[in-house]
Structures are given as structure tokens and as C-alpha cells.
Amino acid sequence: MQTTFPQLLLQHASSRPTAAAMREKEYGIWQSLSWADLATMVQHLAAGLHQAGLRRGEHMVVVGANRPRLYATMLAVQSLGAIPIPLYQDAAALECIFPINNAEVRFAFAEDQEQVDKLLEIREQCPQLAHLFFDDPRGLRNYDEPGLASVDELLASGKAFSALHGDFLKTEIDKAQPNDVAAMFFTSGTTGNPKGVVHTHNSLLNRAKAGADFDKLTGADEVLAYLPPAWIGQNIFSYAQWLACGYVVNCPESAATVTIDLKEIGPTYYFAPPRVFEGLLTSVMIRMEDAGTIKRGMFHYFMDVAKRVGPALMDGKEVGLVDRLLYALGNGLVYGPLRNNLGFSRVRVAYTAGEAIGPDLFTFYRSIGINLKQLYGSTETAVFVCLQPDHEARADTVGVPCAGVEIKVADNGEILVKSPGLLKEYFKNPEATAEVLSADGWYHTSDAGFIDAHGHLKIIDRVKDVGRIKGGAFDAAMFAPKYVENKLKFFPHIKEVVAYGDGREQVCVMINIDFDAVGNWAERRNLPYAGYTDLAQKSEVYQLIKECVEKVNADLSVDTMLAGSQVSRFLVLHKELDADDGELTRTNKVRRGFIAEKYDVLIDALYGGKTSQFIETVVKFEDGRTGRVSATLRLDDAKTFTPVKAAA
């Protein structure tokens, strides 16, 4: 039955008032908020916002980390028929100007002093921003700004209003229809201004329920909400599916305590981009390298057993008695304690998406008994397009179309999607809407891929990024930069990669090392270094990275379609790519075009055959100050391989 987010809140509050809806960790102690208490908070917030002047159809910005009051504010806004817009809490102040002005935002929820300062900084450029409500009052006692008030004041005002108008909330909620606009999410804007993706209650809840039914989620499940609420992935998992299923959402104390909180909560349903899974595995491997000989030997022995047996057990296949007994012993000695240490002891379903995940990384988690799967979707599709069924999870595909979804592949290889979860439109941007939504309801994903023999979708790259090598040994060969970048990022020593080659004779890449992994590697070899820039340019590090590049080239040489994407030259950058410097989006995707302009001198040097190049780069610090980082970078060649087919 079609419904809205606030209607689902009232249903939970009525049918299970004392059950926990959310938990928040404060001062090291988990505090629970029941569905009834949440509904009361939403009632008072909605009444307070109504008195402050928020009206049906208006937009309200919410910016902050996952917190009960942030979620309650979103529900209160939706209860009034208004539309919440979550913004990234780590976005620079200037990045907030366009969304606020584009949506004519008059009201904002800001978590703390940092977010208030950010909004006050841009107030001159956003003159209509009249009301700012803050949650955490620390540092704000002496602020005297027009329209600035605490959420506590808003709650008190709403409580008084509700005492006189007891049926106000339900009356407002009943006015909403499932096809009304429920939320707007701004895309990360890899080129030009971000676009406001408009979703209805139905589009978000339809996909939330499709995902919940697929994995049999119930009110007994638990999740940890630690990714930015402005990212639709987090919003679906901890907001839309939360209200659809009624499970418990747990909010960590801070970004610094997420790994500790993960262990304490032991979620049953977990989501993270590949980068998080990479970081967790890297920390495990670093600790194991520092362990004693016996413990390290036992770990490696049973991990070999796990790689051989674990995926088959996870996929429900037959395994020999000896291997089954060895795996059971390993589960008691290694895998169980390891899952517990990672916080995954209770995980029933874990998903990763956003980027491709390395086969070794994917196999590692499944081999130790974690049901890690992949999904495919985007902001415009309300996330759920393809999901991997249990026993059919593979590293090289993103699953099968889930309930209600149709997929077809255009002549140019682009994936087209038809789904109840598609965006209504791009806000105030009919031209962009017409580009992605056809008249007969197909959404153009801009991703290139194909459906394999098993009915699973395989993504190659972005359509616009798939190019051709011109001239040289691989003339006219296909070039898929994202595919190459992801294959290199599968190595634990490589954090980020930017590949170039379209229209050129060869492929060249710029690489970021993983500072923690390479730093530990260097320390175990008594290799001294003074920070990231120094470590990145060590000849030993270049040799380490060169081996990774050449392994990827060897893999690519046996791929008849992508053998031409082998990397001929590379360099290791002197600084980490950063969203604050405009090099990454807020969802950590590389802005390849921007980087090409910023580092054109390095690209020219790579293609010009130089062996070194001086570079000086302006960097932005967290407090807004700028500085400069300079270095003379080494440029190196990598061995490429004759395509196997051509050699046969």
C-alpha cells in the first residue's frame, strides 16, 4: 500500500510505541529513543517550524552528521508538506551557496557551531536564508544573529502550540500524497553546478521496500548510520528502509569512534563503499604483520583454507569433510574472532556499491563468513536497480534487476533503466531532465555495460569516458579509464588513481599511495620518511607501485577488449587527492577533467617522455587556510604485454 514517510512514523508509534527507533551514543553511553518519543519530537518540531513560517512546498536544508534530531527534523519538514535537502557536512561554505539559492531555501537545520559558521559565512550571498536552527549549542552562547535559534527553543515553541492544537500533526500528515515530493538530493557535480534530484515518497519508499523484501529485512535488524545523510545511499539505508521496516538506526558518537561503535552495536545489516572495506582489511593486515610468528603463521594458514573453502560454503556448494572440519576449526580460532574484531559478528547482509570492489577484497570478506554482496544504482534511481542474490555474489558483476526494474542496453553500450524509483525531475532544469529521461520512461544511466549469460549486469565504465587509443602499438583499442583505475585500486598500497589515454598513443596514470599501508610497509623495511610527500617519491615505493602496475598490465593483456588499456607510464603524486581541493567529489569520485587541467604540466611530462617534473600545488586546510606543497616528481615506465590473442 502506498504511503508517506510521516504516515509510516505514526504507524510505528501506534503499533510499537516503546520499541527503540534510534540510538545515539553520547559521552560513551548509548541512549535509546522509542518510536512514541520520536513521534512526539517530530510533532513538536513540525509545530515549531509551522509557527516559524515553513510552508507546504518549501525547501529546508539539513546539514550535519547522523543524529536523531536531524532525522526528526527531516520527518517534521515532510509532515508539513515541505521538502528536506540534506547537504554534506564536510562541504566547504561556498559549495552550499548554489543548492540554497537554487531551491530558494529560507530555513536551515545546522548540527553545531561548525555548520552554523558555514551558513553564516554565506548569508550575504543567500539573503533569503532567514532561519537557522542549531542542535549542539557548544560554542554558540554569545552568537547574536537574526533568525538564529536552538532546536530546543523550536521544540519548546512547538510543544506549547501542540498543547492547543493536538490534532495539528495528523491533519497536516493526512494532506500528503505518495506522489508528492519527499526530498531533494544534490548530485556531486563532477562538471558544472550540482543538480537537484527530486524524489517522491513513492519513488524512495518503493525502492526501500524492494530492497527490504529482497533481503528479508525486518524490525529486528540493526544498522549503523555513519555515512553522510546527504548521500542517497545512507539516506535509503538509514531513513527510507528504516521507516519501511522499522529496524533500529544507531548513530555513532563521532567519525573517530565509528570502528569502536561498530563493534559495540554489531549491526545485522551493513553498507559501505569499497574504500571502507579496503581500510578495514588494511588495518587487519598491518596488525597481523606486527603479530608474533606463531599467531601470524596460524592466521595465514587458516586464511588459505578460507580462500579455498569459504566462498563455496557461502554459496551453498558442497565441500569435502576434511575441508569442512578445517574451516570449522579456523572459524573458532581465526574467522570468528576476526569478524568480531571488525564488528561484523552479527552481520546477515552486507552491501558495497559506488565503485568496483577488488576480487581479492570481495573474496576475503566472503571467505571469512561475511555475506558481502554488491548492488547497482544511483541518486536518480533511488539506489536499488540491481542486487546480488545470496549464493550468486561475484566480484565482476553488480547483480540482477530487482523487483519492478527493467534494463536494456543501448547500441552504444549504455545501460538504460525503467523503475518505479526514478527521479521525478532535476529541479528547475528541464533540459537536463530531458537528457536522462526519455519520453517512454527510460532513464539513461551514462554507464556502459552488458548483461552476462547468467542475467547479471556487468559495468565497464562511464559511456563518456570509454575512448580509443590512437596510434602506437594498440591503435584503435578500447580505453576504459575507470576500469583501469579500479584494477589498480584493488592493491592495498594504492588509494587513488587517475588514468588518461583517450585519443593518445598510450595510457598514463597518476597514483596516490595509501599512506597507512605504504608507511607500515616502509617501517618494516627500516625505510625512513618524513611525511607523505617524502614517502611517495622513495625509489623503493616506486618499485612497489611499478610491480602493481605491471600485474594489472598482465591481467589486461588477456582481455581481448581492454588489452589496449595497459599502462605505459606512471607517477606517484606528491599529495593526496582531496575533495576540499576540488580533485574529488564529496562521494570521493575523481574529477578527471578538473585534475587534467590542474596537473596539465604532469600529464605533458608523462606523455613527453620526461623522467622528472617539478610541481607546486595550492592546498586548502580544514580551517580554510591555504598553503603550498611542492616536489620534483619521478616519472617511470611500466612494462606492457603483447595481447594473448595476438600472440596466439
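Counting from 1, the numbers follow the sequence of the chain as shown.
- The two residues Ala176 and Thr4 make their nearest non-hydrogen contact at CB-CG2, 4.1 Å.
- A donor-acceptor pair is defined here as one N or O able to donate and one able to accept, closer than 3.5 Å; such a pair exists between the side chain of Arg591 and the backbone of Gly582.
- No donor-acceptor pair closer than 3.5 Å links the side chain of His12 to the backbone N or O of Trp35.
- Every residue two or more places apart in sequence or in another chain that forms a salt bridge (charged side-chain N to carboxylate O under 4.0 Å, His left out) with Glu264 is listed here: Lys25.
- Side-chain atoms of Arg16 come within 3.5 Å of backbone N or O of Gly246 as a donor-acceptor pair.
- Using a 30° and 60° split on the angle between ring planes, Phe384 and Phe237 fall in the tilted class, from 30° to 60°.
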Distance-only criterion, 3.5 Å: show the donor-acceptor pairs between side-chain atoms of residues 269-277 and protein atoms not counting sequence neighbours.
unit_1, atom_1, unit_2, atom_2, d
Tyr269, OH, Gln241, OE1, 2.8
Tyr270, OH, Tyr226, OH, 3.1
Arg275, NH2, Glu496, OE1, 2.4

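- Checking side-chain atoms of Glu253 against main-chain N and O of Tyr27 turns up a donor-acceptor pair under 3.5 Å.
- In Lys170, the NZ atom is not crowded: 12 or fewer heavy atoms of neighbouring residues, nucleotides or ligands sit closer than 6.0 Å.
- Of the possible donor and acceptor atoms, none in the side chain of Asp516 sits under 3.5 Å from a partner among the backbone N and O of Ser283.
- Of the inter-residue distances, the one linking Phe134 atom CZ with Leu140 atom CG reads 5.0 Å to the nearest 0.5 angstrom.
- The OG1 atom of Thr352 sits 4.5 Å away from the CD1 atom of Ile357 when rounded to the nearest 0.5 Å.
- Asp180 and Gln78 share no side-chain donor-acceptor pair at under 3.5 Å.
- Residues Arg366 and Asn371 share a closest heavy-atom pair of NH1-OD1, 3.1 Å.
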| Pair Asn250-Glu222, side chain to side chain donor-acceptor pair (under 3.5 Å): steps then yes or no | CA-CA 7 Å; Asn250 298 278; Glu222 302 244 2; 2.9 Å; yes

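- For Glu124, the CD atom is loosely surrounded, since the number of other residues' heavy atoms within 6.0 Å does not exceed 12.
- At distances below 3.5 Å, at least one donor-acceptor pair connects side-chain atoms of Arg123 with backbone N or O atoms of Leu129.
- The CG atom of Asp581 lies 8.5 Å from the OG1 atom of Thr617; values are rounded to the nearest 0.5 Å.
- Considering every non-hydrogen atom in both Ile368 and Leu338, the closest pair reads CD1-CD2, 3.9 Å.
- How far CG of Asn512 is from NZ of Lys489: 10.0 Å, rounded to the nearest 0.5 Å.
- With hydrogens and angles ignored, the 3.5 Å screen pairs a side-chain donor or acceptor of Asn235 with a backbone N or O of Pro229.
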>> Please evaluate residues Arg462 and Ser446 with respect to the criterion side-chain contact (heavy atoms from CB on, under 4.5 Å), reporting the C-alpha separation (whole Å), side-chain torsions for both, the decisive distance (0.1 Å), and the verdict.
In response: CA-CA 6 Å; Arg462 301 291 284 176; Ser446 298; 3.4 Å; yes

Extract all donor-acceptor atom pairs below 3.5 Å that involve side chains of residues 82-89 and protein atoms in other chains or at least two apart in sequence.
none

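- Closest of all the heavy-atom pairs between Met184 and Phe427 is SD-CB, 3.4 Å.
- Atom OG1 of residue Thr40 and atom CG of residue Leu33 lie 9.0 Å apart, to the nearest 0.5 angstrom.
- When every heavy atom of Ala72 is checked against every heavy atom of Val42, the shortest pair comes out as O-CG2, 3.7 Å.
- Ring orientation note: the planes of Phe133 and His131 are close to parallel, at an angle under 30° on the 30°/60° scale.
- Using a 30° and 60° split on the angle between ring planes, His50 and Phe161 fall in the tilted class, from 30° to 60°.
- Leu387 contributes atom CG, which lies 4.0 Å from atom OH of Tyr351 (distance to the nearest 0.5 angstrom).
- Partner of Asp135 under the side chain to side chain donor-acceptor pair (under 3.5 Å) criterion, out of Arg69, Arg67, Gln115: Arg69 alone.
- No side-chain donor-acceptor contact under 3.5 Å links Glu121 to the backbone of Ala93.
- Between Arg586 and Asp90, at least one side-chain nitrogen of the basic residue sits less than 4.0 Å from a carboxylate oxygen of the acidic one, meeting the salt-bridge criterion.
- Distance alone, capped at 3.5 Å, is enough to place a donor-acceptor pair between the Ser238 side chain and the Gln234 backbone.
- No donor-acceptor distance shorter than 3.5 angstrom exists from the side chain of Glu380 to the backbone of Tyr426, with no hydrogens or angles considered.
- Ion pairing between a basic and an acidic side chain is recognised when a charged N comes within 4.0 Å of a carboxylate O; Arg348 and Asp221 show such pairing.
- Of all heavy-atom pairs spanning Ala244 and Leu205, the tightest one is CB-CD2, 4.5 Å.
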Side chain to side chain donor-acceptor pair (under 3.5 Å) between Gln7 and Thr3, intermediate numbers included: CA-CA 6 Å; Gln7 284 166 358; Thr3 185; 2.9 Å; yes

